[in-house]
Amino acid sequence: MSTTFTRYTVTAALPYANGPKHIGHLAGAYIPSDVYVRYLRLTGKDVIFVCGSDEHGTAIPNQALKENTTSKAIIDKYDALIRDCFNKLGMSFDIYHRTSEPIHHQTSQEFFLALYNKGLLTEEVSEQYFDTEANVFLADRYIVGTCPRCGNTNAYGDQCENCGSTLSPRELINPRSTLSGKTPVLRETKHWYLPLERYEPWLRDWILKSHQQDWKPNVYGQCKSWIEAGLQPRAMTRDLDWGIKVPLPDAEGKVLYVWFDAPVGYISATRALFEEVTSGNLKFATPRSDLSKAKKEDWKKYWQAEDTRLIHFIGKDNIVFHCIIFPVMLHTSGEFIVPDNVPANEFMNLEGDKMSTSRGWSIEMHEYLDDFPDKPDVLRYALLTNLPEAKDSEFTWKDFQAKNNNELVAILGNFVNRAVVLTQKYFDNKVPSQKVLTEVDKKALEELELYPSKIASSIEAFRFREATANLMDLARVGNKYLAETEPWKLAKTDMDRVGTILNIALQIAASLAIVTEPFLPFTSRKLKNMLGVSDLAWSDAGNGALLKAGAALNEAPLLFEKIEDERIEIQIKKLIDKKRAVEVAQQPAEPAKAEISFDDFSKMDIRIGKILKAERVEKSKKLLKLQVDTGIDVRTVMSGIAEHFAPEVVIGKQVTILVNLAPRKIMGVESQGMILMAADKDGSLKMLSPSGEVVPGSQVS
RNA sequence: GGCGCGGUAGCUCAGGUGGUUAGAGCGUUGGAUUCAUAACCCAAAGGUCGGGGGUUCAACUCCCCCCCGCGCUACCA
């Protein structure tokens, strides 16, 4: 912590290449990281910025099945899409790599072997579902069955998408393989585990003690929660045919766990960067600083030298991997540094609801770029002013429009335009010279001088919203200066004075060209072209004499244009339409279960019962303890409906009950039967009641 | 239920280690102005800082309880 850092390694979460990425991802990790890195570069820091596509894991083959294609086709498609979007949005990676590249496979295997050879991994044999027909172990995702929680017959082995429960394959009722449709069998399999619990003392010391002050509360709190909950060994391998082979002799059919290989991808990308730069064959690398003297092995400095500051930009869903698992891997390997900070952001909601690609409630990067191809900076700005830095935030199209019209156009664009237009009008588009300075002038120049360091300290503290607000405030200083000095009035009487004022206004614009660079790189470029200045350093910003008197200005197009209401309404409508389309597309989701005989059916004794009593269960959020008159008897049934029905509401209701289901203890109480419920699309439950009152015990057939 | 993060003006959000009249932007209202994409600039109104206790000379800021939102986690036959 007290180390003096001489170089930076900045990573942005590797986007998972199973689909497009939306603007919430941009707000979470990408835009903040890009601002940070661009700023570091302007201050002359030694920094590399790495990212890339995360292309392994079970969801990739899963997506391939959905799209009826191959895993390779999926990653190629989405890598290209995401890569292109990042490029158009100005993400300034030194390399955007791919985890499917050979160098990454090599790096990951080396990393795994290093841990293995040191005896840092434990072997464990456990029972996993195996598909005897396809002859493979089934990843959680490939097993479907009836959800034990909500009864959805197509719940996945890791999660029920209907009710959102986290599941394990063993919990599924009537599990079946999605590969063959057969019932899988349990078979023993061996895996290698990282015993996280061994590192609890180290984690406590490193995070809870050393980083209490400098890590964000949300990040620190998450880590604390995980550490105090008790860490457990985590499997670092999977039975799967898509991924990086486990580099051991007895590991046929096993690959590295995607969360083992993905963060190692940062290291691979760094290696690839230096390899490509030194070989002169740039495939993925787009170095932003001069690496002409770099050596192939220089990647090690960025991952192993104690004076390198490693920073991971991620969204809050990745905290455990970047703050616990990956650091443990780095630490225990004995060769690598651990992150100095992980400034994770929270989530950005959209128009009042959670952003979700699968539910169709999202603005995907490519969708935005298709509709606003000339406005990457507007999106960057709208996101920057509303980053979920301390809590979930919200993006609305109306706010987007307001940020563009009221701030980018009215404050920043307008100021630059005023200064330039006045210069054209009175000085033939050449920078006039400064004469005698008045108090107003001096005050403006003093303020100008203060802003760059103000913005810088906000950036350094990962407070990008604040930094962005300060940036706009500098443009306000310019507008206010013009309003106070009114050069258009003096033009009739005192041209020296007008020249001085416009000189100062243009100097402010020149500084804006510098300080906007991290935030609005495209605008910065335009502004520099307009003012005829070259690439300047951050330290030049605030200088009141950047532009030389007599220098000619170039053509001055408007930096931003207003966005009209109609265009915003189209977007809102598009969003709603997309959600509807996705809902409709998902409608025929439930194929019929396998055929059964009448005898099978008659085994079930389903009746109408009446709820006599209902009470909440202590320490349970979901359970109600019900007394049900089944006609045969009055019995106790535990039912997971507390989140949908208040106890007083269900009393007296007639419900459908399966009465001959084997009793089972739940929360210490024996449940004798099961209340049948209809689970709606949104996961809400409805009771199945007869259309008219019947005698309790009436049989359903 | 447990753990974590939040609950501050109409809206989106800031408010290290407690201290005079609680801030910003947008929105609203009024004024001034016309160089500028009817933009800019000035000013005002607007908040019991989720609720209730407590510690303190003093709490948005510390402690306890409760309520609400979000995340992780357990119970869902």
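Quick note on labels: first sequence line is chain A, next is B, and so on, each numbered from 1.
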Chemist: Using a cut-off of strictly less than 4.0 Å, decide whether A:N405 has a side-chain nitrogen or oxygen near OP1 or OP2 of B:A39.
Modeler: no
Chemist: Among A:L527, A:L448, A:L559, A:V477, exactly one meets side chain to side chain contact (heavy atoms under 4.5 Å, CB included) together with A:L512. Which residue is that?
Modeler: A:L527
Chemist: Under 3.5 Å for both donor-acceptor distances, Watson-Crick or wobble: does B:A36 have a partner, and if so which one?
Modeler: none
Chemist: Considering every strand shown, what is the Watson-Crick or G-U wobble mate of B:A44 when both distances are under 3.5 Å?
Modeler: B:U28
Chemist: Using OP1 and OP2 only, check whether a side-chain N or O of A:K354 sits under 4.0 Å from B:C70.
Modeler: no
Chemist: Would you mind pulling out the nucleotide paired to B:C75, Watson-Crick or G-U wobble, both distances under 3.5 Å?
Modeler: none
Chemist: Any base atoms under 4.0 Å from A:Q222, or only sugar-phosphate, or nothing? Heavy atoms, all strands.
Modeler: sugar-phosphate
Chemist: Which nucleotide, in any strand shown, forms a Watson-Crick or G-U wobble pair with B:G4, with both distances under 3.5 Å?
Modeler: B:C70
Chemist: I want to check one thing: is the phosphate of B:G15, taken as OP1 and OP2, less than 4.0 Å away from some side-chain N or O of A:R465?
Modeler: no
Chemist: Scan A:D399 against the nucleic acid and name what it touches under 4.0 Å (heavy atoms): base, sugar-phosphate only, or nothing.
Modeler: nothing
Chemist: So which nucleotide does B:C13 pair with, by the Watson-Crick or G-U wobble rule with both distances under 3.5 Å?
Modeler: B:G23
Chemist: I'd like to know if A:K316 pairs up with A:E346 as an ion pair, taking the criterion as any Lys NZ or Arg NE/NH1/NH2 lying under 4.0 Å from an Asp or Glu carboxylate oxygen.
Modeler: yes
Chemist: Give one of base, sugar-phosphate or nothing for A:M638, where a contact means two heavy atoms less than 4.0 Å apart.
Modeler: sugar-phosphate
Chemist: So that I can tick it off, tell me whether A:K375 and A:E561 are bridged by a salt bridge, with the cut-off set at under 4.0 angstrom between side-chain N and carboxylate O.
Modeler: yes
Chemist: With heavy atoms under 4.0 Å as the rule, sort A:K480 into base, sugar-phosphate or nothing.
Modeler: sugar-phosphate
Chemist: Over all strands shown, is A:E407 touching base, sugar-phosphate only, or nothing at heavy-atom distances under 4.0 angstrom?
Modeler: sugar-phosphate
Chemist: Reckon A:K391 has a side-chain N or O less than 4.0 Å from the OP1 or OP2 of B:C70?
Modeler: no
Chemist: Between A:E555 and A:K526, does any NZ, NE, NH1 or NH2 come within less than 4.0 Å of an OD or OE carboxylate oxygen?
Modeler: no
